[in-house]
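The block underneath contains the structure these notes are about, expressed in structure tokens.
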Amino acid sequence: MAQVETIRTWVERRMPELVATHRVPALSLAIGLGDETIEFATGILNRATGVEATTDAVFQIGSVTKVFTATLVMQLVDEGLLGLDQAVRDILPGFRVADADASARITVRQLLSHSSGFEGDVFVDTGAGDDNLERYVDILAGTPQLFAPGEMFSYNNAGFSTLGRLVEVLRGAPYDRVLRERLLDPLGLRHAAVDAEEAILHRTAVGHLRTAAGDIAPTTVWSMERSGSPAGSRLAMSARDLLGFGRLHLAGGVAADGSRLLSTASVEDMRRPQVRLPDIDQGVAWGLGWELFARDGRVFPGHDGNTIGQSACLRLLPEEGVAVAVLANGGDPHPVFAELVDDVLREVAGVGQKETPAASGPAPHDAGRFMGRYESSTAITTISRTDDGRLWLDRTPRGVVADLGDLPYRTELVSWRDDVLLPVDPEGGVRQPIAFLGDDGTGRAAHLHTGRADRRMDS
């Protein structure tokens, strides 16, 4: 296949340049084009030890784990053990958040599509025991409701931990065991690890974080708490194994050995739009687990992942039978991921390059709508205006992300599209548009949205 050799040549020529430019310590990728596979790895897995990356090396896949969790949930739907529009309380009677009405109404579908409306970044360590998710769901009782269930999208890690507990209850076994027995082992994923104890048996990547001095250094913490496992705090695997999972979805739920792990109907349902995203230069909608990206009239599923100094990207082109899996352990990997995906899309589907938002607009005219203080459990963000009329964003990490090394971020904001502003200075190599949504009753935005809806907290 000519496309295979063209892409392989591009990867071998271009990826080392991109990795060096964006200061990525190590990167591994696997591209599936029909039955053909391209693999590539480069760099150092841990700058403290000098271990080199190979295509067998395992990296944490972060939130790409959510698609695994969604697949486990859809297996339950296939077996008639669960309904997508069932209230979560039907299975977890003790489930509740701070809003009593929302607690009773939130459904499985809303958890899968990040539209349940409660604060999603609840990073609490509930221990390493098999009761960790049971205890985690119990501590959600004080979690604030940001908006009514189903009203809009806001990325929600806590919702996927709740789904993990739901899987445990209906399967009668801990989440990690169900994951291995229902997906990892049936798919033949031999370079996959559900925790550090398994990861140490492989050539394993360590995350690298940017220091205050601007250096890239290994993290001192390999993974986050076990209660975040269904959302993406621990699962690690090789790019080849992540590609193997992607191929399950390309094959309509059939594994490489011919066994059916998911119905074709559920595979298709997972790709069907459930809730639209704000205009923030990410996907256009979210399905049941999958983020849905649009380009040149095409919509295709994928998911990204970020954990402590590690990042992952998975994209599928179902019509062409193509999947791209790429993993990295620090630096600014997202521009690298984007260029790789662009090249594959162009070569196999004739899809044009994604436009990168350019920070060249004027200062916003109606700055008063945006100014103020917005909060979530992981950050405090202040939008202010200086005497010369320029608008500025200052974000201070809080909670566990601050403890793990996230740094403060300051940038000027300029106009982009209507109520969406653009940072002048990139973060992690990316200029993430910021949407301001709703009305607090005085004409000011009620939420600042970058994928998560942060509430206005100033009166």
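Owing to the predicted nature of the structure, the values given are computational and were not obtained by experimental measurement.
In this structure, T42 OG1 and L29 CG are separated by 10.0 Å, a value rounded to the nearest 0.5 Å. With rounding to the nearest 0.5 angstrom, the CG atom of D425 is 4.0 Å from the OG1 atom of T411. In this structure, N329 CG and L27 CG are separated by 8.5 Å, a value rounded to the nearest 0.5 Å. Here the CG atom belonging to L242 is positioned 11.0 Å from the CG atom belonging to L187, to the nearest 0.5 angstrom. A distance of 12.0 Å separates OG1 in T219 from CD1 in I216, rounded to the nearest 0.5 Å. Within the model, atoms CG of L45 and NE2 of H208 stand 8.5 Å from one another, a figure rounded to the nearest 0.5 Å.
Heavy atoms only, all atoms of each residue included: P364 and L391 are closest at CG-CD2, 3.7 Å. Contact detail for S161 and G228: the closest heavy-atom pair is OG-CA, 3.7 Å. Considering all non-hydrogen atoms of both residues, E17 and R13 come closest at OE2-O, 3.5 Å. Across every non-hydrogen atom of F160 and G289, the tightest pair is CZ-CA, 4.4 Å. When all heavy atoms are compared, the tightest approach of H191 to D241 is N-OD2, 2.7 Å. Here the shortest heavy-atom pairing between G331 and P25 reads N-CD, 3.9 Å.
Qualifying salt bridge (Lys or Arg N to Asp or Glu O under 4.0 Å) partners for R385, counting only residues two or more places apart in sequence or in other chains: none. Applying the side chain to side chain contact (heavy atoms under 4.5 Å, CB included) test to S229 and every residue at least two apart in sequence or in another chain returns Y175, D176, R226, S233, R234.
Side-chain contact between L292 and P273 is present, with at least one heavy-atom pair separated by less than 4.5 Å. Using a 4.5 Å cut-off on side-chain heavy atoms (C-beta onward), I434 and I280 make no contact. By the 4.5 Å heavy-atom criterion applied to side chains, R444 and D439 are not counted as neighbours. Residues V51 and I44 have side chains not in contact (no heavy-atom distance under 4.5 Å, counting atoms from C-beta outward). Within the 4.5 Å cutoff, no side-chain heavy atoms of I31 are placed close to those of T37. Looking at heavy atoms from C-beta onward, F118 lies in side-chain contact with L111 at the 4.5 angstrom threshold. A 4.5 Å side-chain heavy-atom check between L179 and L184 finds at least one atom pair inside the cut-off. With contacts defined as side-chain heavy-atom distances shorter than 4.5 Å, the pair V424/L413 does not qualify.
Side chain of D342 to main chain of Q353: no donor-acceptor pair is present (N/O by atom type, distance under 3.5 Å, no hydrogens or angles). Distance alone, capped at 3.5 Å, is enough to place a donor-acceptor pair between the N156 side chain and the A158 backbone. Within the 3.5 Å criterion, the main-chain N or O of T264 finds no donor-acceptor partner in the side chain of S266. Not one N or O on the side chain of S113 forms a donor-acceptor pair closer than 3.5 Å with the backbone of V275. Side-chain N or O atoms of S116 include none that pairs as donor or acceptor with a backbone N or O of P149 at under 3.5 Å. Between the side chain of D195 and the backbone N or O of E198, at least one donor-acceptor pair lies under 3.5 Å. In this structure, T65 contributes its side chain and L235 its backbone to no donor-acceptor pair below 3.5 Å. In this structure, H22 contributes its side chain and P333 its backbone to no donor-acceptor pair below 3.5 Å. Between the E347 side chain and the I7 main chain, no donor and acceptor come within less than 3.5 Å of each other. Q110 places a side-chain N or O within donor-acceptor distance of the main-chain N or O of T107, the cut-off being under 3.5 Å.
Counting heavy-atom neighbours within 6.0 Å of D35 CG, excluding the residue itself, gives a total of 12 or less. Within a 6.0 Å sphere centred on CD1 of I200, other residues, nucleotides and ligands contribute 12 heavy atoms or fewer. Heavy-atom contacts from other residues, nucleotides or ligands closer than 6.0 Å to CZ of R190 number 12 or fewer.
Contact check on R240 versus E39 returns a salt bridge, with a Lys/Arg side-chain nitrogen under 4.0 Å from an Asp/Glu carboxylate oxygen. Between D419 and R369 there is a salt bridge, since a side-chain N of the basic residue sits under 4.0 Å from a carboxylate O of the acidic one. In this structure, D281 does not pair ionically with R431, as no charged nitrogen and carboxylate oxygen lie closer than 4.0 Å. We find that E79 and R182 are joined by a salt bridge, their nearest charged nitrogen and carboxylate oxygen being less than 4.0 Å apart.
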- Query: Are E375 and R398 close enough, and set up right, to give a side chain to side chain contact (heavy atoms under 4.5 Å, CB included), and what steps lead you there?
  - Reply: CA-CA 10 Å; E375 293 188 14; R398 66 194 300 194; 3.2 Å; yes
- Query: Hey, mind stepping through L76 and V167 against side chain to side chain contact (heavy atoms under 4.5 Å, CB included) and telling me if it holds?
  - Reply: CA-CA 8 Å; L76 292 165; V167 168; 4.1 Å; yes
- Task: List the steps and the verdict of side chain to side chain donor-acceptor pair (under 3.5 Å) for S384 and T382.
- Result: CA-CA 6 Å; S384 61; T382 303; over 6 Å; no
- Task: Show your working on side chain to side chain donor-acceptor pair (under 3.5 Å) between E119 and S377 and close with a plain yes or no.
- Result: CA-CA 8 Å; E119 166 67 54; S377 62; 3.1 Å; yes
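Sequence neighbours left out, the pairs with a member in residues 249-271 that pass salt bridge (charged side-chain N to carboxylate O under 4.0 Å, His left out) are D269-R272. Sorted by first and then second residue, the ring pair (Phe, Tyr, Trp, His ring centres under 6.0 Å) pairs involving residues 215-253 (not counting sequence neighbours) are F68-F245, F245-H249, H249-W290.
A side-chain donor-acceptor contact under 3.5 Å links K66 and S63. For D78 and S263, the side-chain atoms include at least one donor-acceptor pair closer than 3.5 Å.
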Please set out all donor-acceptor pairs under 3.5 angstrom arising from side-chain atoms of residues 445-453, sequence neighbours excluded.
from, atom 1, to, atom 2, distance (Å)
H447, NE2, L146, O, 3.3
H449, ND1, G451, N, 3.0
H449, NE2, F153, O, 2.7
R452, NE, D121, OD1, 3.3
R452, NE, D121, OD2, 2.6

Could you list the donor-acceptor pairs under 3.5 angstrom formed by side chains in residues 309-326, with sequence neighbours left out?
from, atom 1, to, atom 2, distance (Å)
Q310, OE1, Q60, N, 3.0
Q310, NE2, A205, O, 3.4
S311, OG, N306, OD1, 2.8
R315, NH1, H303, O, 3.4
R315, NH1, D304, OD1, 2.9
R315, NH2, D304, OD1, 3.0
R315, NH2, D304, OD2, 3.3
E320, OE1, R298, NH2, 3.0
E320, OE2, R298, NH1, 3.1

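Classification of the Y374-F436 ring pair by plane angle, with boundaries at 30° and 60°, yields perpendicular.
None of Q432, H334, R395 except one satisfies the side chain to side chain donor-acceptor pair (under 3.5 Å) rule with E427; the exception is R395.
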